[in-house]
Amino acid sequence: MESLISLWASSGLAQMQFDQLIMMIVGLGLLFLAISKGFEPLLLVPIGFGTILANVPGAGFDAAPVYDAMGHMQSPGGLLYYIYHGGIETGLFPLMIFMGVGAMTDFGPLLANPKTLLLGAAAQVGIFTTVLGAVALSHFGILDFSIREAASIGIIGGADGPTAIFVTSKLAPDLLGAIAVAAYSYMAMVPIIQPPIMRALTTPAERQITMQQLRPVTKAERIVFPLALLVLVAMLLPDAAPLLGMFCFGNLMRECGVVNRLSDTAQNALINIVTIFLGLGVGSKMSAEKFLNPETMGILALGAVAFCIGTASGVLMAKLMNLFAKHKVNPLIGAAGVSAVPMAARVANKVGLESNPQNFLLMHAMGPNVAGVIGSAVAAGVMINLVGGM
Amino acid sequence: MESLISLWASSGLAQMQFDQLIMMIVGLGLLFLAISKGFEPLLLVPIGFGTILANVPGAGFDAAPVYDAMGHMQSPGGLLYYIYHGGIETGLFPLMIFMGVGAMTDFGPLLANPKTLLLGAAAQVGIFTTVLGAVALSHFGILDFSIREAASIGIIGGADGPTAIFVTSKLAPDLLGAIAVAAYSYMAMVPIIQPPIMRALTTPAERQITMQQLRPVTKAERIVFPLALLVLVAMLLPDAAPLLGMFCFGNLMRECGVVNRLSDTAQNALINIVTIFLGLGVGSKMSAEKFLNPETMGILALGAVAFCIGTASGVLMAKLMNLFAKHKVNPLIGAAGVSAVPMAARVANKVGLESNPQNFLLMHAMGPNVAGVIGSAVAAGVMINLVGGM
Amino acid sequence: MESLISLWASSGLAQMQFDQLIMMIVGLGLLFLAISKGFEPLLLVPIGFGTILANVPGAGFDAAPVYDAMGHMQSPGGLLYYIYHGGIETGLFPLMIFMGVGAMTDFGPLLANPKTLLLGAAAQVGIFTTVLGAVALSHFGILDFSIREAASIGIIGGADGPTAIFVTSKLAPDLLGAIAVAAYSYMAMVPIIQPPIMRALTTPAERQITMQQLRPVTKAERIVFPLALLVLVAMLLPDAAPLLGMFCFGNLMRECGVVNRLSDTAQNALINIVTIFLGLGVGSKMSAEKFLNPETMGILALGAVAFCIGTASGVLMAKLMNLFAKHKVNPLIGAAGVSAVPMAARVANKVGLESNPQNFLLMHAMGPNVAGVIGSAVAAGVMINLVGGM
Amino acid sequence: MESTLVSQGLDLLLYGMGTVFAFLTLLVGVTSLMSVIVNKLVIDEPEIAVSATAAGSVQSTVEPRIVKVIQAAIDQHRGKK
Amino acid sequence: MESTLVSQGLDLLLYGMGTVFAFLTLLVGVTSLMSVIVNKLVIDEPEIAVSATAAGSVQSTVEPRIVKVIQAAIDQHRGKK
Amino acid sequence: MESTLVSQGLDLLLYGMGTVFAFLTLLVGVTSLMSVIVNKLVIDEPEIAVSATAAGSVQSTVEPRIVKVIQAAIDQHRGKK
Ligand code: NA
Ligand code: NA
Ligand code: NA
C-alpha cells in the first residue's frame, strides 16, 4: 500500500504544476515550429525537446549531483545539469559551434569586395538601439531589465545564435531560454520580416542595380585573412577574441588545405554533437518561472524590433555608400548584414530577382552576410567588456 | 642497483596478485566470446579489454587523481577512473546510448500493430520474478543480496544493455561488471536460449499462424509517436523519463526529417565514441574482489532464469491474446518482447520459418521487440523509484 | 568618458607586453611551417593557433574559473584552461590519440619479420643519450634542467608526439610547449635530418641489399598480437600500460573485424576531435615566460641531437644484426626505428631507391617503424617509473 | 529483516508488473487513438510517405559532396568512352 | 538609478557602435591591403587557384577509400559490359 | 647534487636501454612463438585471409548506404544509355 502511495506520489500527475504543463506545451510549440514550419530545426528541435524534459515534474533533469562529506557521489545529477554547467556556463559549446561555423564559412565574396564589411557594421545598429529600448522600458517602469539583461536582449539583433547564447550565458543566464528562442525564431522568420522593410526603403531602380562580377580570390588571401582578423582582434578587442578567435581558427583549418580531416570533423561530427547538447542545455533554462513572465513578451517584442532596425540600417548604409562609391552596390544586400547566414543572403537574392530576374545577388550578399557575423561578435565583445564593468 | 630494485618492484610480476591474473583471463575470455563467437562485440570487446586494463597491477588505470590543499593536481587519475566517474556514475553514457538507439529505432511495425506492446509488457515478468529469486536466495541464506542488488540483477532480464547499466550504476554500482557482462552475454545467447522454450510452449499449428500484412504507417504518426510517449511518461512515470526521454529524443530526430545531420551523428560518431568509453568504464568495475565471488555465479544463474521466464511470458501472453483477438498473432513473436533488438526478432523469424518456410515474421516481431525496450525502461523507472525509497 | 577609458584600457594594445607580441609571432611562425612547409600540420596548426590565442592580452583564454564560497560559478574559465586541465593534465587526450593511432596501425610487416623489433629498440638510444646530454649541460652550469626535465627532453628523440606530450605533462608540464613543438618539428624534418646520417653510415653495397619478400600474415596473428603485447606489458612494465594498452586496444578494434564501426570512429571523428583540442591545449603552454628562454634553445638543440643519434643507432643495429643473421636486412630500414610513422619509413624507401631503383623498402621499413612506437612507449614507461621515484 | 526482503521483492513484483502492464496497455490505447487523429488531421498518402521517408533518409544521410564525387566519377567515366 | 540605466544604454550605443564601425572600417583597410600584399608576394594564378581549391577540397574531404570504392564500382561496371 | 644529476642520467641510460632492449628482444621471441602457435591452431589460408582482410576492411568501413548510392548512380547511368 505504501508502495502504491509512493508510486502515485512520484507520478507526474501528482507533482505536476500548472506552470510545468504550460512549459511542456511551449516545448511542443517550438517542436511544431521547427518540424512543421522549418524554423531553424537544428537548434529548435533540441531546445524544444529540452524544454519538455526540463519540465517533467520529479524527473530531476536539472538536479545537481549530491556529494557526501568525503566527496563521494550520493546521487548523480540530471543530464541537463551536466550539459548546462559543463558546456554552456563555461562557454565551451558556443565556442565550439563558432569553430565549426568558421570551418563552414567562405570568406571569398567578402575578400573580393571588402567594403561590404561596412554593411555588416551598420546592421549592428539594431543591437544597440534595442538595448536602448530595453532600458527605456525599464526607465518607464513598464518592465524591469538591468543593464546586463538589456545588453543580452540587444544581442538578439545580431541574428547569430551562438553569439547570443555566449553573451547571455555570461551576462544574464536567467534569460538564456527566452533570448535563445527569440534569436533562433527570428532568424527563421527572416524571409518574413525583412522583405517589406527592404522594399519600403528602396526604389525599384535601386533594387535593379547590377553589381560587377566578383574578382577571383587567391588561396593565399583566404589563408591570411583569418590570421589578419585574429591579429587585429588580439590588438584591439581582446573581449571579442574567444568568439572571433575560434571562428578564425575554424576558417583557417578550412582554407589552409593541409588539415582537411580536422576541418571536416569540425564541420560535421563535432558541431553536430555540440549542437545537440547546446540545444538541450538551452532548453534546461526554459522553466516557467524564467519564461512565463511579462519580460519574455518584452524580449520577443524587442527582438523583433532589433531585427527590423538592423535590416533597415543595413539597407540605408548601402544607400549611403552609393552616394560616394564608384561601383554602386545594390542596397538589398545591405539587409544581409544582420548575419542569419545564409538565410538573409538568400532573401536579398530573392527580393532582387523580383525586380530583375537576371540579377543574381546571392554571392554579393554573402559578403555582408559573413561581415554581419564579425560585426555581432565585435558588438558582443564590447558589451561583455563595458557591461561587465558597469 | 636501487633503480633495478625499483624497476623490479614496479614490474607487473612482482605486484601481480593471483586475483588479478584470473581477472585478466576473464577479460581474455570475454574478448574470445566477442571476437570468435560474435557475442555482442560492440560492447564486449571494450568491456573485455577494460577488464584487462583495470587489472594490470600497478598501472593505476582506476586511480583517483590527487590534489594538494591548493587544489592543484599532484598526480593525475587513471583513464578508467575518469571514464567511470565522468560517464557512468553520472548516468551520461547510458543516456547518450539510449538517444542513439532511439535514432536507430523504427517504430513503424509497432505503430502498425500497437497491441504488440502487450507482448513487450509480458516479457518483463522475467525481470520481477528474478528479483524475487534473488531475494529468495538471500532469504534462505544461500547468497547475500540486498533489495537494491536484487533489483539490479532482475533488470538483466530486460535484455537491454544500457538500461541494465543505468539501473545498476544507480542502485548497486559494485555489481556493475557482473551484471553488464551477464546482460550482454545473454543477449548474445538469445539464439540459443530462446528456441527450445518457444518450441516447448507452442503447438506446430500455432507456429504456422500467418499474420496479416502490416498497414503502411504515415510520416506524421512516426513523428507524433515519440512525443506522445514522452508526454505519457512525463505524466505518469517521471522516473522512467531520463531513459525514455532520451530514447524518444533520438527517435524524434530520426523521424522528423529536418535534422538528419544530427540524427546521423547520434547514430554514428556519437554512439560509437560513447560505446567505446562505456565498455571500458564497465570493464573498470571488473575487479577480482567484485567479480570473483559466489554472488557472480548467482547473478549469471539468475540472469539466465530471467531470460527464460521473459521469453516464456511473452509467448504465453501472445497465446492469451489469441483467445480474445480477431486477428491471431503468431505466439513466436511474443518471445521478441524481451527486447535484445534485433536478435530476438530474428530468432522469432527463424523459428517461424522452420514450421512454415513462407511465413516471414521478422517485421511482425519488430513490434514486440521495440515494445520490450519501452517495457524494460518502464520497469527500470519503477525499480529506481520504489527501491530508492525502500 | 569612463567607457572610452575602459575600452582603451581593455584593448590589446594597452595591455600588450613585448613578450606576448613575440609569442604571437612564434605562433604565426609555427602556422607558416605547418601550412607552407607542410610540417606535421595536423598538430602544428592547432598548436600555432593555440599559441596566438594564449598570448592575446586580456582575453583570458587560460584563465581559471572563479567560484564563490557556495560553489556557484562567478566567472567561467577560458577555453584553453578547460582543454588543458581536462584533457592534457589528466593524460586523457594523448591516450585517446594513442588509441586512434593503434586503430590506424598495420602490424603486418612487423609480424612477418619480428626481428625488426630490435631496430625499434636500438633507435631509442637517442632518447637516453639525450637525457645524458641534458644533465651534462646542467652539470656544467650551461643550462638548468632537473632530472624530470631532462627525461622529458630525451623523449623528443622517441619521434612520437603523443608519447612526448604524455611524458612531459607528467614530469615537466612547464616544458610542454617547447617539447611538443620540438618533437613535431623534428618529426616533420625527418626527410632532411636522416638521409645524410644514413648515407654516412652505410656503404653503397649495403644500401642495395634486397630483402626477401614478406610472408603473408594471417588474420589470427593480427588479432592475437595486440593481446600478447598487452599481456607482456602488464606483466613486466605496468608503467607503459596506459600508452601501450590504449594502443593495443585501438589495434585490436581494427583487426578483430567485428567492431569496424568503433574502429572507424576511433580513426576518424574521435582522433580528429581530440587532435584539435590537444593542439590548442599544448599551445596554451606556449607563454613567453616558459618558451622564450635559453632552455628552449637547449631543448631544440638536444632534440636534434636525439634524432640524429636515434637514426644512427637504428642503422648501426641493422649492420650489427647482419653480422649474425642469415637473411640480411638493408641497414637503411634501421633508421625507420625512430618511429615518426610513416615518414621515416618513406625516407628509408627513398634513400634505398637512390641506390637501386628496383629495391622497394617501404613495407620492410614499416616493421621497425611501428616497432619504434612500441620502443618509445616502453622508454616512456621506464622514465615515468624511474624518474618519478628519483 | 529477511522476511522484509521477501516482502519487498513481492511488492516490487506486484507494483512493478502492475505499472508495466498498466502503462503499456494505456500506450496501446493512446497510440491507436493518436494514429487515428493524426491521420485524419494530416492528409498524407501512406505508401508514398513511407517510400519518401526511405528515399529521403538515404539522400539526406549521404553527404552532397559524396554524391558530387560519384557524379564526377560517372561523368569522367562516360567522357572516357 | 533609473536615469543611470538610460545613460548606460546610451553609453553602450555610442561606444558600441563606435567600436563596431571603427573596427570594421579598419578591417576594410587591412583586408584590402592584405590582399594587395599577399597577391604580390605569392605568385598564384587566381582562377586556377580558385578552381584548384574547390576541386582540392572535394578531393581531400572525400576519403580515399570512398574514391577507391567508386573506382572499383566503375571498373566493375565497365567490366560487366 | 650536480654529480647526482649525472649519475641519475647514467642510471636512466643503463636501466632504460636495458629495459627497452630486454623487452623488445623478449617480444621478438613471444611474437615468433605466437605466430607459430596461432597459425597451427587456426586453420586459415594466409593469402586468402590477407586479401579478405583488405577487402573486408574496405567493404566494412565504407558504409552500406554509400555503396547503395554508388550502385544507384551506376544503375542510373547504365539506364541512361
Ligand atoms: Na550579426
Ligand atoms: Na526489454
Ligand atoms: Na619511437
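Residue numbering restarts at 1 for every chain, and letters A, B, ... go by the order of the sequence lines. Atom set for the values below is all heavy atoms of this structure, side chains included, hydrogens, waters and symmetry mates excluded.
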Short side-chain donor-acceptor distance under 3.5 Å, A:Glu221 and A:Thr218: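 Side chains of A:Thr218 and A:Glu221: pair found under 3.5 Å.
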Is a donor from one side chain sitting under 3.5 angstrom from an acceptor on the other, for A:Asp264 and A:Asn268?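 A:Asp264 vs A:Asn268: donor-acceptor pair found between side chains.
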Nearest-0.5 Å distance, [atom1] of residue [X] to [atom2] of residue [Y]:
| X | Y | atom1 | atom2 | answer |
| --- | --- | --- | --- | --- |
| A:Asn113 | A:Met211 | CG | CE | 5.5 Å |
| E:Leu27 | A:Lys115 | CG | NZ | 15.0 Å |
| A:Ser138 | E:Leu5 | OG | CG | 5.5 Å |
| A:Leu227 | A:Leu252 | CG | CG | 5.0 Å |

Could you tell me which residues satisfy ring-ring contact (aromatic ring centres under 6.0 Å, His included) with A:Phe247, sequence neighbours excluded, listed by chain and number?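 With neighbours one apart ignored, the set is A:Phe98, A:Phe107.
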Region of E:Val30 in contact with chain A, defined by heavy-atom distances below 4.5 Å: side chain
Atom group of E:Met34 that falls short of 4.5 Å from chain A, counting heavy atoms: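 The side chain, not the backbone.
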Closest non-hydrogen atoms of E:Val42 and A:Ala220, given as atom of the first, atom of the second and distance, are CG2-CB, 3.9 Å
Taking all non-hydrogen atoms of both residues, which atom of A:Asn260 and which atom of A:Gly257 are closest, and how far apart? ND2-O, 3.6 Å
Can you check whether A:Val259's main-chain N or O pairs, donor with acceptor, with A:Ser263's side chain at less than 3.5 Å? no
Donor-acceptor contact below 3.5 Å, side chain A:Asn385 vs main chain A:Asp239: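 Not confirmed, A:Asn385 side chain does not pair with A:Asp239 backbone.
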Does any backbone or side-chain atom of [X] lie under 4.5 Å from a heavy atom of chain E? Answer side chain, backbone, both or neither.
| X | answer |
| --- | --- |
| A:Leu132 | side chain |
| A:Arg254 | neither |
| A:Ala122 | both |
| A:Val125 | both |
| A:Thr116 | neither |
| A:Ala379 | both |

Choice from E:Leu24, E:Ile37, E:Leu14, E:Leu10 maximising heavy atom contacts with chain A below 4.5 Å: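 Counting heavy-atom pairs under 4.5 Å, the top option is E:Leu24.
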Given the options A:Ile374, A:Leu111, A:Val224, which has more heavy-atom pairs under 4.5 Å with chain E than any of the others?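 Of the candidates given, the most pairs with chain E belong to A:Val224.
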May I ask you to list the residues in residues 309-324 of chain A that approach chain E closer than 4.5 angstrom, counting heavy atoms only, ordered by number? A:Met317
